[in-house]
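Notes for the one structure printed next.
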Amino acid sequence: MMLLAPHRTKALAGRVLRQLRADPRFVAVSLIIPLVITFLLKVFFDAIDVPMFDQTRFAVPGAAFIVHFVTYILTALVLVRERVGGTMERMFINGYRQLEIIGGYLGAYTVLATWQSFLILTWVALLFDLGYSIGAYVQIYLVIWLLAVLSMALGILVSNFARTEGQVIPFIPLIVVPSIFLSGMIVAVEDLPTWGQVLARFTPLFYANDVLQGIISGGTVLDTLNPFIALPLLTVGILFIASRTLREGT
Amino acid sequence: MTGSPTISVRSVHKSFGTVEALAGVDLEVAEGEIFGLVGPNGAGKTTLIRALVGALRPEDGEITVLGLNPRRDRYEIRGRLGYMPQTPALYEDLSAFVNVRFFAAAHLRNRAAEKARAALDFIDLADRADDPVHTLSGGMKQRVSLACALAHEPDLLFLDEPTAGIDPQLREAFWTGFRRLAAGGRTMVVSTHQMSEALECDRVAIMRAGRVLVAEDPRALLGRGRATIRVWQEGRAEETVVDDYSVDLPRLLAGRDRVDRVEIDRETLEDIVLRMIDDDAARSA
(Lines give C-alpha, C1' and ligand atoms only; values in the text may rest on other atoms or scores of the structure.)
Protein backbone atom coordinates (compact mmCIF):
# COMPACT_ATOMS: atom_id res chain seq x y z
CA MET A 1 0.00 0.00 0.00
CA MET A 2 1.63 3.25 -1.09
CA LEU A 3 1.96 5.96 1.48
CA LEU A 4 -0.58 8.74 0.90
CA ALA A 5 -0.16 12.24 2.19
CA PRO A 6 -3.32 14.15 3.23
CA HIS A 7 -1.49 17.45 2.70
CA ARG A 8 -1.12 16.67 -1.01
CA THR A 9 -4.83 15.84 -1.35
CA LYS A 10 -5.63 19.07 0.47
CA ALA A 11 -3.25 21.07 -1.75
CA LEU A 12 -4.88 19.64 -4.84
CA ALA A 13 -8.43 20.27 -3.63
CA GLY A 14 -7.38 23.82 -2.74
CA ARG A 15 -5.94 24.35 -6.20
CA VAL A 16 -9.10 23.07 -7.92
CA LEU A 17 -11.30 25.29 -5.74
CA ARG A 18 -9.13 28.29 -6.64
CA GLN A 19 -9.58 27.41 -10.31
CA LEU A 20 -13.33 27.26 -9.84
CA ARG A 21 -13.23 30.70 -8.21
CA ALA A 22 -11.15 32.01 -11.11
CA ASP A 23 -13.62 30.64 -13.67
CA PRO A 24 -17.07 32.00 -12.82
CA ARG A 25 -18.34 30.97 -16.25
CA PHE A 26 -17.68 27.31 -15.49
CA VAL A 27 -19.39 27.60 -12.13
CA ALA A 28 -22.35 29.35 -13.75
CA VAL A 29 -22.64 26.62 -16.38
CA SER A 30 -22.53 23.93 -13.70
CA LEU A 31 -25.18 25.61 -11.56
CA ILE A 32 -27.47 27.36 -14.02
CA ILE A 33 -27.66 24.92 -16.92
CA PRO A 34 -29.36 22.24 -14.78
CA LEU A 35 -31.92 24.83 -13.72
CA VAL A 36 -32.59 25.86 -17.32
CA ILE A 37 -33.01 22.25 -18.45
CA THR A 38 -35.39 21.63 -15.55
CA PHE A 39 -37.44 24.63 -16.64
CA LEU A 40 -37.61 23.20 -20.15
CA LEU A 41 -38.72 19.90 -18.64
CA LYS A 42 -41.59 21.72 -16.91
CA VAL A 43 -42.57 23.40 -20.18
CA PHE A 44 -42.56 19.98 -21.87
CA PHE A 45 -44.62 18.33 -19.15
CA ASP A 46 -47.15 21.18 -19.20
CA ALA A 47 -47.59 20.58 -22.93
CA ILE A 48 -48.46 16.91 -22.39
CA ASP A 49 -52.22 16.88 -22.52
CA VAL A 50 -52.81 13.41 -21.06
CA PRO A 51 -55.29 12.85 -18.24
CA MET A 52 -53.90 11.25 -15.09
CA PHE A 53 -50.31 12.25 -16.09
CA ASP A 54 -48.60 13.02 -12.82
CA GLN A 55 -45.72 15.43 -13.42
CA THR A 56 -44.47 15.14 -9.87
CA ARG A 57 -43.57 11.50 -10.43
CA PHE A 58 -40.97 12.62 -12.95
CA ALA A 59 -39.91 15.99 -11.53
CA VAL A 60 -37.43 14.88 -8.87
CA PRO A 61 -35.97 11.90 -10.82
CA GLY A 62 -35.69 14.22 -13.82
CA ALA A 63 -33.75 16.72 -11.74
CA ALA A 64 -31.54 13.88 -10.46
CA PHE A 65 -30.83 12.79 -14.02
CA ILE A 66 -29.84 16.33 -15.03
CA VAL A 67 -27.42 16.64 -12.08
CA HIS A 68 -26.02 13.19 -12.91
CA PHE A 69 -25.42 14.05 -16.55
CA VAL A 70 -23.98 17.56 -16.08
CA THR A 71 -21.66 16.55 -13.23
CA TYR A 72 -20.40 13.49 -15.10
CA ILE A 73 -19.55 15.40 -18.28
CA LEU A 74 -17.93 18.41 -16.59
CA THR A 75 -15.73 16.23 -14.38
CA ALA A 76 -14.59 14.10 -17.33
CA LEU A 77 -13.75 17.16 -19.44
CA VAL A 78 -11.80 18.93 -16.68
CA LEU A 79 -9.60 15.91 -16.06
CA VAL A 80 -8.94 15.30 -19.73
CA ARG A 81 -7.91 18.95 -20.00
CA GLU A 82 -5.28 18.31 -17.31
CA ARG A 83 -3.91 15.44 -19.34
CA VAL A 84 -3.87 17.41 -22.61
CA GLY A 85 -2.22 20.44 -20.98
CA GLY A 86 0.58 18.35 -19.50
CA THR A 87 -0.24 19.28 -15.91
CA MET A 88 -1.37 15.72 -15.10
CA GLU A 89 2.07 14.36 -15.97
CA ARG A 90 3.72 17.23 -14.13
CA MET A 91 1.69 16.40 -11.02
CA PHE A 92 2.80 12.79 -11.14
CA ILE A 93 6.46 13.62 -11.65
CA ASN A 94 6.26 16.11 -8.78
CA GLY A 95 5.07 13.32 -6.51
CA TYR A 96 1.28 13.53 -6.48
CA ARG A 97 -0.25 10.03 -6.47
CA GLN A 98 -3.32 8.58 -8.16
CA LEU A 99 -5.51 8.42 -5.04
CA GLU A 100 -4.43 11.91 -3.97
CA ILE A 101 -5.35 13.35 -7.38
CA ILE A 102 -8.71 11.59 -7.36
CA GLY A 103 -9.34 12.52 -3.73
CA GLY A 104 -8.42 16.15 -4.34
CA TYR A 105 -10.73 16.50 -7.31
CA LEU A 106 -13.55 14.70 -5.55
CA GLY A 107 -13.14 16.88 -2.47
CA ALA A 108 -13.25 20.10 -4.48
CA TYR A 109 -16.08 19.13 -6.80
CA THR A 110 -18.17 17.85 -3.89
CA VAL A 111 -18.42 21.50 -2.82
CA LEU A 112 -19.86 22.29 -6.25
CA ALA A 113 -22.14 19.23 -6.13
CA THR A 114 -23.45 20.29 -2.72
CA TRP A 115 -24.61 23.62 -4.10
CA GLN A 116 -25.80 22.12 -7.36
CA SER A 117 -28.02 19.56 -5.57
CA PHE A 118 -29.42 22.21 -3.24
CA LEU A 119 -30.22 24.66 -6.03
CA ILE A 120 -31.85 22.15 -8.32
CA LEU A 121 -33.98 20.63 -5.56
CA THR A 122 -35.13 24.07 -4.44
CA TRP A 123 -35.91 25.00 -8.03
CA VAL A 124 -37.81 21.79 -8.75
CA ALA A 125 -39.81 22.16 -5.52
CA LEU A 126 -40.85 25.67 -6.51
CA LEU A 127 -41.39 24.98 -10.21
CA PHE A 128 -43.52 21.87 -9.71
CA ASP A 129 -45.08 23.03 -6.44
CA LEU A 130 -44.17 19.73 -4.85
CA GLY A 131 -45.22 20.33 -1.25
CA TYR A 132 -43.27 17.45 0.33
CA SER A 133 -42.38 17.36 4.02
CA ILE A 134 -39.08 18.77 5.28
CA GLY A 135 -37.94 15.23 6.08
CA ALA A 136 -38.70 14.11 2.53
CA TYR A 137 -36.75 17.05 1.07
CA VAL A 138 -33.75 16.27 3.27
CA GLN A 139 -33.75 12.65 2.09
CA ILE A 140 -34.25 13.62 -1.55
CA TYR A 141 -31.34 16.07 -1.24
CA LEU A 142 -29.15 13.33 0.20
CA VAL A 143 -29.94 10.97 -2.68
CA ILE A 144 -29.30 13.63 -5.31
CA TRP A 145 -26.04 14.58 -3.57
CA LEU A 146 -24.89 10.95 -3.45
CA LEU A 147 -25.77 10.58 -7.12
CA ALA A 148 -23.76 13.73 -7.93
CA VAL A 149 -20.70 12.33 -6.14
CA LEU A 150 -21.14 9.02 -7.96
CA SER A 151 -21.39 10.93 -11.25
CA MET A 152 -18.09 12.65 -10.47
CA ALA A 153 -16.49 9.28 -9.86
CA LEU A 154 -17.84 8.10 -13.22
CA GLY A 155 -16.45 11.23 -14.90
CA ILE A 156 -13.02 10.58 -13.36
CA LEU A 157 -13.12 6.97 -14.57
CA VAL A 158 -14.14 7.91 -18.12
CA SER A 159 -11.44 10.59 -18.31
CA ASN A 160 -8.81 7.87 -17.83
CA PHE A 161 -9.76 6.41 -21.21
CA ALA A 162 -9.84 9.65 -23.18
CA ARG A 163 -6.68 11.30 -24.45
CA THR A 164 -8.46 14.38 -25.85
CA GLU A 165 -11.63 16.29 -25.02
CA GLY A 166 -13.13 15.00 -28.27
CA GLN A 167 -12.67 11.42 -27.10
CA VAL A 168 -14.99 12.12 -24.16
CA ILE A 169 -17.91 12.68 -26.58
CA PRO A 170 -18.62 8.99 -27.37
CA PHE A 171 -18.86 8.32 -23.64
CA ILE A 172 -21.82 10.70 -23.35
CA PRO A 173 -24.44 8.44 -24.97
CA LEU A 174 -22.86 5.47 -23.22
CA ILE A 175 -23.99 6.89 -19.90
CA VAL A 176 -26.98 9.01 -20.87
CA VAL A 177 -28.96 6.53 -22.96
CA PRO A 178 -28.99 3.70 -20.38
CA SER A 179 -29.83 6.27 -17.69
CA ILE A 180 -32.92 7.35 -19.57
CA PHE A 181 -34.24 3.98 -20.71
CA LEU A 182 -33.06 1.49 -18.10
CA SER A 183 -33.39 3.40 -14.83
CA GLY A 184 -37.12 2.86 -14.46
CA MET A 185 -37.93 6.55 -14.96
CA ILE A 186 -39.91 6.01 -18.14
CA VAL A 187 -40.65 2.29 -18.18
CA ALA A 188 -40.75 0.04 -15.11
CA VAL A 189 -37.61 -2.10 -15.02
CA GLU A 190 -39.71 -5.26 -14.46
CA ASP A 191 -41.32 -4.67 -17.86
CA LEU A 192 -37.95 -4.69 -19.64
CA PRO A 193 -36.50 -7.87 -21.22
CA THR A 194 -34.13 -9.85 -19.00
CA TRP A 195 -30.99 -8.36 -20.54
CA GLY A 196 -32.41 -4.87 -19.91
CA GLN A 197 -33.11 -5.70 -16.28
CA VAL A 198 -29.52 -6.93 -15.88
CA LEU A 199 -28.05 -3.86 -17.56
CA ALA A 200 -30.22 -1.61 -15.42
CA ARG A 201 -28.28 -2.75 -12.35
CA PHE A 202 -25.18 -1.11 -13.82
CA THR A 203 -26.94 2.24 -14.16
CA PRO A 204 -26.47 4.59 -11.19
CA LEU A 205 -29.80 6.28 -11.88
CA PHE A 206 -31.59 2.93 -11.46
CA TYR A 207 -30.77 2.94 -7.75
CA ALA A 208 -31.35 6.68 -7.29
CA ASN A 209 -34.74 6.50 -9.03
CA ASP A 210 -35.78 3.52 -6.92
CA VAL A 211 -35.07 5.41 -3.68
CA LEU A 212 -36.56 8.69 -4.94
CA GLN A 213 -39.79 7.03 -6.05
CA GLY A 214 -40.05 5.50 -2.58
CA ILE A 215 -39.62 8.87 -0.89
CA ILE A 216 -42.05 10.78 -3.11
CA SER A 217 -44.61 8.01 -2.56
CA GLY A 218 -44.53 8.79 1.15
CA GLY A 219 -41.80 6.37 2.27
CA THR A 220 -38.25 6.90 3.58
CA VAL A 221 -34.78 5.76 2.54
CA LEU A 222 -35.08 3.00 5.11
CA ASP A 223 -37.81 1.43 2.95
CA THR A 224 -35.36 1.20 0.02
CA LEU A 225 -32.19 0.69 2.00
CA ASN A 226 -30.44 -1.62 -0.46
CA PRO A 227 -30.55 0.71 -3.46
CA PHE A 228 -29.73 3.64 -1.16
CA ILE A 229 -26.59 1.93 0.11
CA ALA A 230 -25.74 0.91 -3.46
CA LEU A 231 -25.06 4.57 -4.31
CA PRO A 232 -22.02 5.07 -2.03
CA LEU A 233 -20.89 1.49 -2.62
CA LEU A 234 -20.93 2.00 -6.38
CA THR A 235 -18.99 5.25 -5.86
CA VAL A 236 -16.27 3.46 -3.92
CA GLY A 237 -16.12 0.70 -6.54
CA ILE A 238 -15.85 3.14 -9.41
CA LEU A 239 -13.19 5.18 -7.60
CA PHE A 240 -11.18 2.02 -6.99
CA ILE A 241 -11.26 1.18 -10.70
CA ALA A 242 -10.47 4.82 -11.55
CA SER A 243 -7.40 4.78 -9.30
CA ARG A 244 -6.15 1.60 -10.96
CA THR A 245 -6.73 2.93 -14.48
CA LEU A 246 -5.34 6.45 -13.93
CA ARG A 247 -2.06 5.85 -15.69
CA GLU A 248 1.03 7.86 -14.97
CA GLY A 249 2.78 7.59 -18.26
CA THR A 250 3.48 5.35 -21.21
CA MET B 1 34.50 9.68 -13.92
CA THR B 2 35.35 8.72 -10.32
CA GLY B 3 32.76 7.32 -7.91
CA SER B 4 29.28 6.10 -8.86
CA PRO B 5 27.56 8.18 -11.50
CA THR B 6 24.46 10.10 -10.44
CA ILE B 7 22.70 8.93 -13.58
CA SER B 8 23.47 5.72 -15.44
CA VAL B 9 21.72 4.67 -18.65
CA ARG B 10 22.50 1.25 -20.15
CA SER B 11 21.19 0.06 -23.53
CA VAL B 12 17.82 1.73 -23.15
CA HIS B 13 15.21 1.18 -25.86
CA LYS B 14 11.81 2.77 -26.20
CA SER B 15 9.42 2.70 -29.13
CA PHE B 16 6.11 4.41 -29.80
CA GLY B 17 4.37 2.16 -32.28
CA THR B 18 6.78 1.75 -35.20
CA VAL B 19 8.92 4.73 -34.19
CA GLU B 20 12.03 3.80 -32.23
CA ALA B 21 12.52 6.87 -30.04
CA LEU B 22 15.44 5.43 -28.05
CA ALA B 23 17.54 2.87 -29.90
CA GLY B 24 20.02 1.67 -27.33
CA VAL B 25 21.16 4.70 -25.32
CA ASP B 26 24.20 4.50 -23.06
CA LEU B 27 25.46 7.38 -20.95
CA GLU B 28 26.49 8.44 -17.48
CA VAL B 29 26.19 11.76 -15.67
CA ALA B 30 28.38 12.63 -12.72
CA GLU B 31 27.29 14.53 -9.64
CA GLY B 32 27.37 18.29 -10.06
CA GLU B 33 27.64 18.20 -13.86
CA ILE B 34 25.71 20.31 -16.28
CA PHE B 35 25.08 17.61 -18.88
CA GLY B 36 23.68 18.63 -22.23
CA LEU B 37 21.56 16.59 -24.60
CA VAL B 38 22.05 18.08 -28.04
CA GLY B 39 20.47 16.99 -31.26
CA PRO B 40 17.89 17.80 -33.89
CA ASN B 41 14.14 17.48 -33.38
CA GLY B 42 13.20 13.81 -33.13
CA ALA B 43 16.62 12.76 -31.82
CA GLY B 44 15.12 11.33 -28.64
CA LYS B 45 16.10 14.03 -26.14
CA THR B 46 12.62 14.51 -24.65
CA THR B 47 11.96 10.77 -24.57
CA LEU B 48 15.23 10.20 -22.73
CA ILE B 49 14.48 12.91 -20.19
CA ARG B 50 10.99 11.50 -19.61
CA ALA B 51 12.51 8.07 -19.07
CA LEU B 52 15.00 9.55 -16.58
CA VAL B 53 12.23 11.17 -14.52
CA GLY B 54 10.16 7.98 -14.59
CA ALA B 55 7.38 9.34 -16.79
CA LEU B 56 7.74 6.42 -19.14
CA ARG B 57 8.97 2.86 -18.92
CA PRO B 58 11.64 1.71 -21.39
CA GLU B 59 11.10 -1.61 -23.07
CA ASP B 60 14.67 -2.65 -22.53
CA GLY B 61 17.79 -1.56 -20.71
CA GLU B 62 18.46 -0.12 -17.31
CA ILE B 63 18.25 3.37 -15.86
CA THR B 64 19.61 4.32 -12.46
CA VAL B 65 19.13 7.79 -10.99
CA LEU B 66 20.65 8.49 -7.56
CA GLY B 67 21.05 4.74 -7.18
CA LEU B 68 17.34 4.10 -7.74
CA ASN B 69 15.14 3.04 -10.63
CA PRO B 70 13.18 6.18 -11.54
CA ARG B 71 10.07 4.20 -12.47
CA ARG B 72 9.99 1.44 -9.86
CA ASP B 73 11.24 3.68 -7.01
CA ARG B 74 9.47 6.81 -8.13
CA TYR B 75 7.95 7.64 -4.76
CA GLU B 76 11.37 7.65 -3.11
CA ILE B 77 13.09 9.61 -5.82
CA ARG B 78 10.64 12.31 -6.83
CA GLY B 79 11.33 14.61 -3.91
CA ARG B 80 14.95 14.82 -5.05
CA LEU B 81 14.38 15.70 -8.67
CA GLY B 82 12.92 18.69 -10.44
CA TYR B 83 11.48 18.54 -13.93
CA MET B 84 10.77 21.31 -16.40
CA PRO B 85 8.86 19.91 -19.41
CA GLN B 86 9.16 21.14 -22.95
CA THR B 87 5.83 22.99 -22.79
CA PRO B 88 5.20 25.11 -19.66
CA ALA B 89 2.39 22.79 -18.34
CA LEU B 90 0.95 25.41 -15.97
CA TYR B 91 -2.54 26.32 -14.77
CA GLU B 92 -3.15 29.39 -16.90
CA ASP B 93 -6.06 30.68 -14.83
CA LEU B 94 -4.02 30.72 -11.61
CA SER B 95 -1.21 33.07 -10.61
CA ALA B 96 2.48 32.25 -10.99
CA PHE B 97 2.81 32.03 -7.21
CA VAL B 98 -0.13 29.62 -6.83
CA ASN B 99 1.27 27.42 -9.60
CA VAL B 100 4.73 27.21 -8.03
CA ARG B 101 3.31 26.71 -4.54
CA PHE B 102 1.04 23.90 -5.76
CA PHE B 103 3.88 21.88 -7.29
CA ALA B 104 6.12 22.60 -4.31
CA ALA B 105 3.38 21.42 -1.93
CA ALA B 106 3.83 17.87 -3.20
CA HIS B 107 7.15 17.79 -1.31
CA LEU B 108 6.87 20.52 1.32
CA ARG B 109 4.13 20.15 3.87
CA ASN B 110 4.57 23.53 5.56
CA ARG B 111 7.02 25.68 3.66
CA ALA B 112 5.61 25.55 0.15
CA ALA B 113 4.60 29.24 0.11
CA GLU B 114 7.99 30.41 1.39
CA LYS B 115 9.89 28.26 -1.10
CA ALA B 116 7.61 29.34 -3.95
CA ARG B 117 8.40 33.01 -3.24
CA ALA B 118 12.12 32.20 -3.12
CA ALA B 119 11.96 30.36 -6.45
CA LEU B 120 10.11 33.26 -8.08
CA ASP B 121 12.79 35.63 -6.72
CA PHE B 122 15.49 33.42 -8.21
CA ILE B 123 13.94 33.59 -11.68
CA ASP B 124 13.36 37.32 -11.23
CA LEU B 125 9.59 37.25 -11.54
CA ALA B 126 8.62 38.32 -8.03
CA ASP B 127 6.89 41.44 -9.33
CA ARG B 128 4.50 39.35 -11.47
CA ALA B 129 4.02 36.54 -8.94
CA ASP B 130 0.37 37.31 -8.32
CA ASP B 131 -0.64 37.76 -11.96
CA PRO B 132 -2.54 34.93 -13.74
CA VAL B 133 -0.23 32.89 -15.92
CA HIS B 134 -2.31 33.57 -19.05
CA THR B 135 -1.32 37.26 -18.77
CA LEU B 136 2.41 36.44 -18.90
CA SER B 137 4.58 36.34 -22.00
CA GLY B 138 6.00 33.06 -23.35
CA GLY B 139 9.38 33.75 -21.79
CA MET B 140 7.81 34.52 -18.42
CA LYS B 141 5.83 31.28 -18.56
CA GLN B 142 9.10 29.42 -19.16
CA ARG B 143 10.51 31.11 -16.06
CA VAL B 144 7.47 30.13 -13.98
CA SER B 145 7.84 26.56 -15.24
CA LEU B 146 11.50 26.63 -14.15
CA ALA B 147 10.47 27.95 -10.74
CA CYS B 148 8.05 25.00 -10.38
CA ALA B 149 11.01 22.67 -10.95
CA LEU B 150 13.27 24.50 -8.48
CA ALA B 151 11.05 25.43 -5.56
CA HIS B 152 11.56 22.27 -3.52
CA GLU B 153 15.37 22.54 -3.97
CA PRO B 154 15.93 19.19 -5.69
CA ASP B 155 19.36 17.57 -6.04
CA LEU B 156 18.79 16.83 -9.72
CA LEU B 157 17.24 19.00 -12.37
CA PHE B 158 15.91 17.84 -15.72
CA LEU B 159 15.21 20.74 -18.05
CA ASP B 160 13.71 19.96 -21.45
CA GLU B 161 14.57 22.74 -23.90
CA PRO B 162 14.34 25.43 -21.21
CA THR B 163 15.44 28.19 -23.59
CA ALA B 164 13.19 27.33 -26.53
CA GLY B 165 11.37 30.33 -27.91
CA ILE B 166 12.98 32.95 -25.67
CA ASP B 167 15.12 35.93 -26.65
CA PRO B 168 18.95 35.86 -26.45
CA GLN B 169 19.05 38.18 -23.43
CA LEU B 170 16.74 35.96 -21.43
CA ARG B 171 18.61 32.89 -22.65
CA GLU B 172 21.84 34.30 -21.22
CA ALA B 173 20.02 35.05 -17.94
CA PHE B 174 18.78 31.44 -17.81
CA TRP B 175 22.28 30.05 -18.29
CA THR B 176 23.65 32.38 -15.64
CA GLY B 177 21.01 30.94 -13.32
CA PHE B 178 21.87 27.36 -14.36
CA ARG B 179 25.56 27.97 -13.61
CA ARG B 180 24.62 29.32 -10.17
CA LEU B 181 22.55 26.21 -9.49
CA ALA B 182 25.37 23.92 -10.61
CA ALA B 183 27.84 25.86 -8.46
CA GLY B 184 25.51 25.12 -5.56
CA GLY B 185 26.00 21.38 -6.13
CA ARG B 186 23.03 20.50 -8.29
CA THR B 187 23.33 18.05 -11.14
CA MET B 188 21.54 19.19 -14.25
CA VAL B 189 20.50 17.51 -17.47
CA VAL B 190 19.54 20.10 -20.06
CA SER B 191 18.30 19.37 -23.54
CA THR B 192 18.62 21.80 -26.41
CA HIS B 193 18.70 21.84 -30.16
CA GLN B 194 20.73 25.07 -30.05
CA MET B 195 24.28 23.88 -30.69
CA SER B 196 25.68 27.12 -29.27
CA GLU B 197 24.38 26.17 -25.83
CA ALA B 198 26.44 22.98 -25.79
CA LEU B 199 29.52 25.01 -24.78
CA GLU B 200 27.70 26.00 -21.59
CA CYS B 201 27.72 22.37 -20.48
CA ASP B 202 30.43 20.36 -18.75
CA ARG B 203 29.71 17.47 -21.09
CA VAL B 204 27.28 16.93 -23.91
CA ALA B 205 25.73 13.92 -25.56
CA ILE B 206 25.11 14.38 -29.27
CA MET B 207 21.97 12.45 -30.15
CA ARG B 208 20.48 11.38 -33.41
CA ALA B 209 17.68 8.94 -34.19
CA GLY B 210 17.45 7.68 -30.62
CA ARG B 211 21.18 7.04 -30.17
CA VAL B 212 24.06 8.85 -28.55
CA LEU B 213 26.77 9.47 -31.15
CA VAL B 214 29.31 10.85 -28.70
CA ALA B 215 29.33 12.07 -25.11
CA GLU B 216 32.21 14.29 -24.06
CA ASP B 217 33.41 17.73 -23.03
CA PRO B 218 32.30 20.17 -25.76
CA ARG B 219 35.74 21.82 -25.67
CA ALA B 220 37.33 18.44 -26.49
CA LEU B 221 34.82 18.09 -29.32
CA LEU B 222 35.98 21.46 -30.65
CA GLY B 223 39.54 20.16 -30.65
CA ARG B 224 38.38 17.39 -32.96
CA GLY B 225 37.09 19.84 -35.46
CA ARG B 226 38.46 20.05 -38.96
CA ALA B 227 40.00 23.15 -40.41
CA THR B 228 40.09 24.51 -43.92
CA ILE B 229 43.55 25.95 -44.66
CA ARG B 230 43.84 28.36 -47.57
CA VAL B 231 47.40 29.14 -48.63
CA TRP B 232 47.54 32.21 -50.95
CA GLN B 233 50.42 32.41 -53.39
CA GLU B 234 50.62 34.81 -56.32
CA GLY B 235 46.95 35.67 -56.11
CA ARG B 236 45.76 32.05 -56.09
CA ALA B 237 44.53 30.04 -53.10
CA GLU B 238 45.16 26.40 -52.45
CA GLU B 239 42.56 24.99 -50.12
CA THR B 240 43.01 21.88 -47.97
CA VAL B 241 40.75 20.38 -45.34
CA VAL B 242 42.73 18.87 -42.47
CA ASP B 243 41.89 17.13 -39.22
CA ASP B 244 44.59 18.82 -37.12
CA TYR B 245 45.84 22.08 -38.52
CA SER B 246 48.64 22.35 -35.94
CA VAL B 247 50.17 19.22 -37.48
CA ASP B 248 49.25 19.79 -41.12
CA LEU B 249 50.03 23.51 -41.47
CA PRO B 250 53.85 23.15 -41.28
CA ARG B 251 53.64 20.36 -43.85
CA LEU B 252 51.55 22.50 -46.21
CA LEU B 253 53.94 25.45 -45.93
CA ALA B 254 57.12 23.40 -46.26
CA GLY B 255 59.07 24.02 -49.47
CA ARG B 256 57.18 27.12 -50.51
CA ASP B 257 59.30 30.17 -51.36
CA ARG B 258 56.80 32.87 -50.72
CA VAL B 259 53.35 32.77 -49.18
CA ASP B 260 51.11 35.84 -49.45
CA ARG B 261 48.85 34.84 -46.60
CA VAL B 262 47.35 31.87 -44.81
CA GLU B 263 43.68 31.63 -43.81
CA ILE B 264 42.43 29.03 -41.37
CA ASP B 265 38.69 28.42 -40.94
CA ARG B 266 38.04 26.12 -38.02
CA GLU B 267 34.81 24.23 -37.68
CA THR B 268 32.52 25.62 -35.03
CA LEU B 269 30.97 23.27 -32.56
CA GLU B 270 27.78 23.50 -34.57
CA ASP B 271 29.66 22.48 -37.73
CA ILE B 272 31.22 19.53 -35.92
CA VAL B 273 27.92 18.35 -34.50
CA LEU B 274 26.11 18.71 -37.82
CA ARG B 275 28.92 16.82 -39.58
CA MET B 276 28.68 13.99 -37.06
CA ILE B 277 24.90 13.85 -37.47
CA ASP B 278 25.14 13.89 -41.28
CA ASP B 279 27.84 11.19 -41.28
CA ASP B 280 25.69 9.04 -39.04
CA ALA B 281 22.66 9.58 -41.25
CA ALA B 282 24.70 8.59 -44.32
CA ARG B 283 25.92 5.42 -42.61
CA SER B 284 22.39 4.48 -41.61
CA ALA B 285 20.97 5.05 -45.10
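Residue numbering restarts at 1 for every chain, and letters A, B, ... go by the order of the sequence lines.
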Checklist entry - For A/Met88, is it the side chain, the backbone, both or neither that has a heavy atom under 4.5 Å from a heavy atom of chain B? => result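 It is neither, since no heavy atom gets under 4.5 Å.
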Most contacts with chain A, counted as non-hydrogen pairs under 4.5 angstrom, among [options]:
options	answer
B/His152, B/Arg101, B/Gln86	B/Arg101
B/Arg78, B/Met84, B/His107	B/Arg78
B/Gly79, B/Pro132, B/Ser145	B/Ser145

Next on the checklist: For a quick test of reading the model, state the closest non-hydrogen atom pair linking A/Asn94 to B/Cys148 and the distance between them.
Outcome noted: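 A/Asn94 and B/Cys148 have their closest heavy atoms at OD1-O, 4.3 Å.
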Checklist entry - Which atom names give the shortest non-hydrogen contact between B/Ala105 and A/Ala11, and what distance separates them? => result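 So the two residues come closest at CB-CB, 3.8 Å.
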Rounded to the nearest 0.5 Å, how far does [atom2] of [Y] lie from [atom1] of [X]?
X	Y	atom1	atom2	answer
B/Leu94	A/Gln19	CG	CD	4.5 Å
B/Arg109	A/Arg8	CZ	CZ	8.5 Å
B/Ile77	A/Ile93	CD1	CD1	12.0 Å

Taking the side chain as C-beta and beyond, is there a heavy-atom pair between [X] and [Y] under 4.5 Å?
X	Y	answer
A/Phe92	B/Arg74	no
A/Leu12	B/Phe102	yes
A/Arg18	B/Val98	yes

Item to check | Donor + acceptor pair across side chains of B/Tyr83, A/Arg90 (<3.5 Å) | outcome: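 No, no side-chain donor-acceptor contact under 3.5 Å.
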Is the count of non-hydrogen atoms from other residues, nucleotides or ligands lying under 6.0 Å from [X] atom [atom1] greater than 12?
X	atom1	result
A/Lys42	NZ	yes
A/Phe161	CZ	yes
B/Glu31	CD	no
A/Arg244	CZ	no

Next on the checklist: side chain to side chain donor-acceptor pair (under 3.5 Å) for B/Tyr75 and A/Arg97? Distances and angles first, verdict last.
Outcome noted: CA-CA 9 Å; B/Tyr75 300 123; A/Arg97 304 182 189 186; 5.3 Å; no
Using non-hydrogen atoms only, which part of [X] is less than 4.5 Å away from chain A: side chain, backbone, both, or neither?
X	value
B/Ser95	neither
B/Leu90	both
B/Pro154	neither

